[in-house]
Amino acid sequence: MKGRVLIVAGSDSGGGAGIQADVKTVTALGGYAMTAITALTAQNTRGVFGIHEVPADFVARQMILVLDDIGADAVKLGMLHRAPVIEAVADVLEARTPGIPLVLDPVMVAKGGALLLQDEAVAALKRRLLPLATLLTPNLPEAEVLAGHSIATPDEAARAAVDLSQANGGRAVLLKGGHLPGTRLVDILAEGGAVIATFEQERIDSGNTHGTGCTLASAIATGLAQGMAVGTAVARARRYVIEAIRTAPGFGHGHGPLNHGHTIRPFTED
């Protein structure tokens, strides 16, 4: 076991996304997962039917107790749906995790296109968390919110990734291209204000894609916690997610979960 990852995110009672997917992913890749839960959800593969909020000070307390005792080699942020939670999380990170890699998965837009964050929460995320992030992992709708304009082609996605990297002090941005049309899927990694890698593959025709964003971000965070460079961590994480989709168990009657338990060599790109 190598690499301590603190995950700050919401719980998914169906086990396909959120904290549950994060813990399974980190464990499968040979890391040690710790959690600070930001919200409880009542959901399954068909949708989210209820959210029970965790007070911001209790989210911060979870983080502080874990960091002061066990420590962390990387932090992954997922569902941070309210401005007070974002502010509390940022305060803890600034005080206790300087120099520790931070993967920020900006869970901002639902699959149906609904904005999950209120305006003040989006503003707080941009102001407090983006400057701390080692890597930002938006999908296309989230990148549009952050960039302030629409993105309709791979070239526009590449320019948006570069712009977001520049706006974030040159830090890395992985813009996920799954929402663009076409049979080929292209993810773009930008850092230092330039595209440093593109990852292209045939689109997998599957309804079992619930939790792919959570899973990818946690897999990357595990790689960073294990000492990998950003590009290497992204490459291994994508391989893990692709195989998890290909071998999904087919549970539920809606958007099914991935197979988080499949094996991959923990400490290598392969």
Side-chain angles (χ1 to χ4, degrees), residues 1-12 16-38 59 62-63 66-67 70-80 86 89-90 92-94 96-108 125 129-139 142 165 168 171-176 187 189-191 197 199 211-244 258 260 262 264-269:
M1 183 174 290
K2 178 182 179 183
R4 302 161 296 172
V5 182
L6 172 59
I7 304 147
V8 186
S11 169
D12 173 5
I19 286 287
Q20 286 81 351
D22 297 326
V23 170
K24 287 183 279 191
T25 297
V26 173
T27 303
L29 292 173
Y32 180 75
M34 304 160 288
T35 65
I37 298 176
T38 60
V59 175
Q62 294 174 77
M63 295 175 66
V66 167
L67 289 169
I70 301 171
D73 301 301
V75 177
K76 182 256 180 167
L77 303 183
M79 180 183 178
L80 306 173
I86 292 170
V89 168
V92 175
L93 294 175
E94 289 175 349
R96 285 175 162 80
T97 65
I100 294 176
L102 170 64
V103 177
L104 173 57
D105 182 22
V107 182
M108 304 170 68
L125 185 143
L129 294 180
L130 289 189
L132 303 177
T134 305
L135 174 67
L136 179 69
T137 63
N139 60 28
E142 291 158 351
S165 173
N168 200 30
R171 296 178 181 86
V173 174
L174 179 67
L175 200 159
K176 299 172 289 189
D187 295 341
L189 179 62
E191 188 174 21
F199 304 90
T212 51
C214 305
T215 300
L216 180 65
S218 286
I220 297 170
T222 306
L224 297 179
Q226 292 166 344
M228 293 181 180
V230 170
T232 303
V234 169
R236 185 187 67 166
R238 291 185 79 261
R239 286 189 178 94
Y240 173 77
V241 171
I242 290 168
E243 190 61 22
L258 313 183
H260 292 98
H262 80 86
I264 188 170
R265 284 187 289 170
F267 309 127
T268 69
E269 184 179 337

Enquirer: Which atom pair, heavy atoms only, marks the closest approach of A237 to A219?
Expert: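 Taking every non-hydrogen atom into account, CB-CB, 3.4 Å.
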Enquirer: Considering only heavy atoms from C-beta outward, does the side chain of L80 approach that of L129 to under 4.5 Å?
Expert: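 Counting from C-beta outward, L80 and L129 do come under 4.5 Å.
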Enquirer: Which atom names give the shortest non-hydrogen contact between D22 and K76, and what distance separates them?
Expert: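 Nearest heavy atoms, D22 then K76: OD1-NZ, 2.9 Å.
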Enquirer: Would V234 and D187 satisfy side chain to side chain contact (heavy atoms under 4.5 Å, CB included), going step by step from the backbone distance to the final call?
Expert: CA-CA 10 Å; V234 169; D187 295 341; over 6 Å; no
Enquirer: Enter the distance from L104:CG to L132:CG here, rounded to the nearest 0.5 Å.
Expert: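 Here the rounded value is 9.0 Å.
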Enquirer: Please round to the nearest 0.5 Å and tell me the distance separating atom OG1 of T215 and atom CD of Q20.
Expert: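 Here the rounded value is 11.0 Å.
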Enquirer: If I take atom CD1 from residue I86 and atom CG from residue L125, how far apart are they, to the nearest 0.5 angstrom?
Expert: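 Taking CD1 in I86 and CG in L125, the distance rounds to 5.0 Å.
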Enquirer: Using modelled atom types and a 3.5 Å cut-off, is there a donor and acceptor pairing between side-chain atoms of H262 and backbone atoms of Y240?
Expert: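 Answer holds: yes.
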Enquirer: Do you know which two heavy atoms are closest between P138 and V173, and how far apart they sit?
Expert: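 Residues P138 and V173, closest heavy atoms: CD-CG1, 4.1 Å.
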Enquirer: If only atom types and distance count, is the side chain of Q226 paired as donor or acceptor with the main-chain N or O of G3 below 3.5 Å?
Expert: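 Checked: no pair found.
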Enquirer: Quick one: which of L136, T97, L77 gives a side chain to side chain contact (heavy atoms under 4.5 Å, CB included) with L102?
Expert: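 With L102 as partner, L136, T97, L77 yield a single side chain to side chain contact (heavy atoms under 4.5 Å, CB included), made by L77.
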Enquirer: Would you check if the side chain of S165 reaches a backbone N or O of A172 as a donor-acceptor pair within less than 3.5 Å?
Expert: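 No, because the side chain of S165 does not come within donor-acceptor range (under 3.5 Å) of the backbone of A172.
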Enquirer: Of the non-hydrogen atoms in A9 and I19, which two are nearest, and what is the gap between them?
Expert: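 Scanning both residues, the minimum pair turns out to be O-CG1, 3.5 Å.
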Enquirer: Is there a donor-acceptor pair under 3.5 Å between the side chain of N168 and the backbone N or O of L130?
Expert: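 Looks like yes, one N/O pair under 3.5 Å.
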Enquirer: For M79 and T38, work out which heavy atoms get closest and say how close.
Expert: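 For M79 versus T38, the nearest heavy atoms are O-OG1, 2.6 Å.
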Enquirer: Residues in side chain to side chain contact (heavy atoms under 4.5 Å, CB included) with A233, at least two apart?
Expert: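 Checked A233 against side chain to side chain contact (heavy atoms under 4.5 Å, CB included); matches are I220, L224, M228.
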Enquirer: Please report, to 0.1 Å, the donor-acceptor pairs under 3.5 Å made by any side chain of residues 23-37, with sequence neighbours excluded.
Expert:
| from | atom 1 | to | atom 2 | distance (Å) |
| --- | --- | --- | --- | --- |
| K24 | NZ | G15 | O | 2.8 |
| T25 | OG1 | A21 | O | 2.8 |
| T27 | OG1 | V23 | O | 2.8 |

Enquirer: Hey, could you give me the CG/CG distance between L216 and L174, rounded to the nearest 0.5 Å?
Expert: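 Going from CG on L216 over to CG on L174, the span is 6.0 Å.
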Enquirer: Any Lys/Arg nitrogen of D73 or R4 sitting under 4.0 Å from an Asp/Glu carboxylate oxygen of the other?
Expert: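 Salt bridge: yes.
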Enquirer: Mind checking side chain to side chain contact (heavy atoms under 4.5 Å, CB included) for I242 and listing every partner two or more places apart, or none if nothing turns up?
Expert: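 Here the qualifying residues are Q201, I204, R238, R246.
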Enquirer: Take L189 and L135 through the side chain to side chain contact (heavy atoms under 4.5 Å, CB included) test and state the conclusion after the steps.
Expert: CA-CA 9 Å; L189 179 62; L135 174 67; 4.0 Å; yes
Enquirer: To the nearest 0.5 Å, what is the distance between OG1 on T137 and CG on D105?
Expert: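 Spacing of OG1 (T137) from CG (D105) equals 3.5 Å.
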